[in-house]
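Throughout, protein chains are lettered first and strands after them, A, B, ... in sequence-line order, and every chain is numbered starting at 1. Computation of the quantities below employed the complete heavy-atom set of this structure, encompassing side-chain atoms and omitting hydrogens, waters and symmetry-equivalent molecules.
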Amino acid sequence: MKLSHSQGQLQSQSPLISAHIAQTMSLLYMTSAELLQTIDVELSKNPALEVIPERRCPMCGRRLPENGPCPVCSQPKTMEPDETIIFVSPRDDFYTYNGSAGSSYDTDRPEEPFSSENLDLPTYVLSQVAPELEKEERPLAAMILTNLDEDGFLAIEIREICRFHHVTPEKVETVLKKIMRCDPLGVAARSVQEALLTQVEFLSESTQVPEFVRRAISEEFDLLSKHQYSELAKKLGTSIQKIKLVSHYISENLNPFPARANWGNFRQPNGNTPDVFHQPDVMIYYLNNKPGNPLIIEIITPSRGTLRLSPLFKKALKEQTGEQQEEWKKDLDKANLLIKCIQQRNNTMRQLMEQLAAIQKSYIIQGDVHLQSLTRAEIADKLGVHESTISRAVANKTVQLPNKKIIPMSTFFDRSLAVRAVLRSIIENESHALNDTEICASLEERGINVARRTVAKYRSMEGILPAHLRKLEKFATA
DNA sequence: CTATGGCACGGATT
DNA sequence: AATCCGTGCCATAG
């Protein structure tokens, strides 16, 4: 969609350069998943573009970049542990996880993000529910789990399961409920809405969920997904500010697409829920997944192989004449432009990640508390690009950290994350329920100066109850 | 009276 | 120019 917009400009008003800029900007703004779509569309209607099949590294099975050797295996053996390998990695397999039973990732790619448990999704889930299932429920569970789509949603109707196994819908629902409470929380839900609700349900058992979250999802999901906060506030009879908190909470703690995120992390005992998002645009992990090894940063550029101008098309172009040639020439230019723009996008993303990795390395390795304060403008300055370039490059993108959490890239610029992390630890270790003023003082001892009012805000962001309520909750039985 | 949440303002950031 | 964020002031609940 976005692309056709800039194409319009290309044809009419174009000095090529302005089209180039327009398209570069819009590409930069896209997430990897969106870019993949765009490329597919373009491939299907532009004969000048072609894909040459992927090449894989014989050592590690990783897809190779356009030219040159494998960015990981070709590194000298004597790398210092604090070095970082950073490269643009063309791949699309990552986005087409097939959840049906028996399928698995290529076995020659040991570092697949999802295979950390060496299980595929259905097996992984089944291993969790199995103990809770009655004998006659098992075939139902099996059928459900083998019919998940790539996002982890149930891809068949309940009645089909009923018909197949000759059972009542209630039976199926029961099993489904059990499954949805398994680790990618909300897996096998029938909609985003149902998945989110399941997660809220689960979280509210162990942690405090801000009010209106549940109602916003169950009653006004339309408005919520369209980010129509003012409207939403009106309908629920509350303020916009509250709704903002709600939306913040949802994006921080819930995951609309169960199967896309990291499994294995969601259930943590003390309500310390990791942020969960969908497919990452950048992956960061240790070489061979061994902590302490150099970091590897893969910037995912989606493609089903390497994109290039078709030599056959070029040849054919020369033999054409007149109008037809004009027509084809346009296609060729367009294709050429797209390729250039993608390269530029990759280049920008690489530079950006280089900076981020350098500055936020301790955050990446050691977690929230070590996040350095940083603004997009600073990065822009270092790279000598306009700040809006960085904004676009960061917007809507996600990064997978070595601990398998997937976070929005904007987290690298979050001014309050580190403080909130300290606040959390203060409250975890408190010996009596500290009120906001005391928390404020405690933070000050650690060299953090924030207003009492701000403490209250952070607290509610973290879904932590106020002191007088915590007193009851935490210390009641003691 | 104290602790907390709502609202609104201003400065920083995008 | 629009948005986000921290903060101060005030109302209110306990």
Side-chain angles (χ1 to χ4, degrees), chain A residues 24-26 28-31 208-213 226-234 236-252 348-349 351-352 355-356 359-360 368 371-398 407-423 426-427 430 432-444 446-476:
Chain A
T24 307
M25 275 178 24
S26 81
L28 188 57
Y29 192 71
M30 289 181 201
T31 67
Q208 178 66 16
V209 177
E211 62 173 324
F212 295 122
V213 169
K226 288 185 208 141
H227 299 268
Q228 311 218 352
Y229 298 144
S230 47
E231 189 68 5
L232 188 54
K234 236 183 263 165
L236 294 182
T238 179
S239 69
I240 295 191
Q241 321 251 339
K242 279 244 174 180
I243 296 297
K244 288 237 170 102
L245 272 184
V246 167
S247 126
H248 186 260
Y249 178 87
I250 290 176
S251 66
E252 289 271 313
T348 309
M349 292 299 291
Q351 291 190 322
L352 170 63
Q355 291 293 322
L356 283 182
I359 297 170
Q360 303 291 19
D368 290 358
L371 186 76
Q372 304 293 308
S373 77
L374 177 69
T375 68
R376 293 162 176 76
E378 288 171 49
I379 300 272
D381 197 43
K382 273 209 182 125
L383 296 183
V385 299
H386 192 82
E387 28 182 280
S388 72
T389 306
I390 303 296
S391 273
R392 300 208 167 253
V394 170
N396 299 321
K397 307 270 191 330
T398 55
I407 59 163
M409 196 181 281
S410 58
T411 304
F412 287 113
F413 303 92
D414 188 322
R415 276 181 276 167
S416 62
L417 188 78
V419 182
R420 296 205 310 269
V422 175
L423 180 142
I426 289 177
I427 292 184
E430 71 191 357
H432 69 281
L434 298 170
N435 66 37
D436 289 347
T437 320
E438 289 167 314
I439 296 172
C440 186
S442 188
L443 282 172
E444 201 166 356
R446 294 164 208 234
I448 302 170
N449 279 315
V450 286
R452 182 234 101 219
R453 187 65 191 79
T454 310
V455 172
K457 276 249 164 86
Y458 288 171
R459 194 169 44 64
S460 83
M461 272 180 167
E462 296 295 321
I464 299 171
L465 289 168
H468 57 284
L469 295 176
R470 285 206 310 281
K471 196 177 265 173
L472 302 175
E473 186 143 306
K474 276 176 82 167
F475 304 100

- Task: Establish, with yes or no, whether the OP1 or OP2 oxygen of dG6(C) is under 4.0 angstrom from a side-chain nitrogen or oxygen of Y458(A).
- Result: yes

- Note on the structure: All heavy atoms of R470(A) vs all of L465(A), minimum pair found to be NH1-O, 2.7 Å

- Task: Quickly work out the M25(A) CE to dT14(B) C1' distance and round it to whole Å.
- Result: 14 Å

- Note on the structure: Between CZ of R376(A) and C1' of dT3(C) the distance, given in whole Å, is 11 Å

- For the side chain of Q360(A) and the backbone of Q372(A), is there at least one donor-acceptor N/O pair under 3.5 Å apart? yes

- So, is T375(A) close to the dT13(B) phosphate, meaning a side-chain N or O under 4.0 Å from OP1 or OP2? no

- Testing V385(A), V394(A), L28(A) for side chain to side chain contact (heavy atoms under 4.5 Å, CB included) with L352(A), which one passes? V394(A)

- To the side chain of S416(A), which of dT7(C), dT14(B), dG6(C) is closest? dG6(C)

- Task: Report the distance from atom CG of L443(A) to atom P of dT7(C), rounded to the nearest whole Å.
- Result: 11 Å

- Query: Heavy atoms under 4.0 Å, any strand shown: does R459(A) hit a base, just sugar-phosphate, or nothing?
  - Reply: sugar-phosphate

- Name the residue closer to the 5' end of DNA chain B, choosing between L434(A) and K457(A) according to the nucleotide with the nearest heavy atom. L434(A)

- Message: Measuring from the side chain of N435(A) (C-beta onward, heavy atoms only), which nucleotide among dG6(C), dT14(B), dA3(B) has the closest atom?
- Response: dA3(B)

- Presence of R453(A) side-chain N/O under 4.0 Å of dG8(C) phosphate oxygens OP1/OP2: no

- Using a heavy-atom cut-off of under 4.0 Å over every strand shown, decide if V450(A) touches base, sugar-phosphate, or nothing. sugar-phosphate

- Message: Between R452(A) and M461(A), which residue's closest nucleotide on DNA chain C lies nearer the 5′ terminus?
- Response: M461(A)

- Message: By the 4.0 Å heavy-atom rule, please label S391(A) as base, sugar-phosphate, or nothing.
- Response: sugar-phosphate

- Query: Is there a donor-acceptor contact under 3.5 Å from the side chain of R459(A) to the main chain of I464(A)?
  - Reply: yes

- Item | Closest to side chain of A456(A), choosing from dG5(B), dT14(B), dT7(C) | dG5(B)

- Candidate nucleotides dG6(C), dT14(B), dT4(B), ranked by approach to the side chain of P466(A) - the nearest: dT4(B)

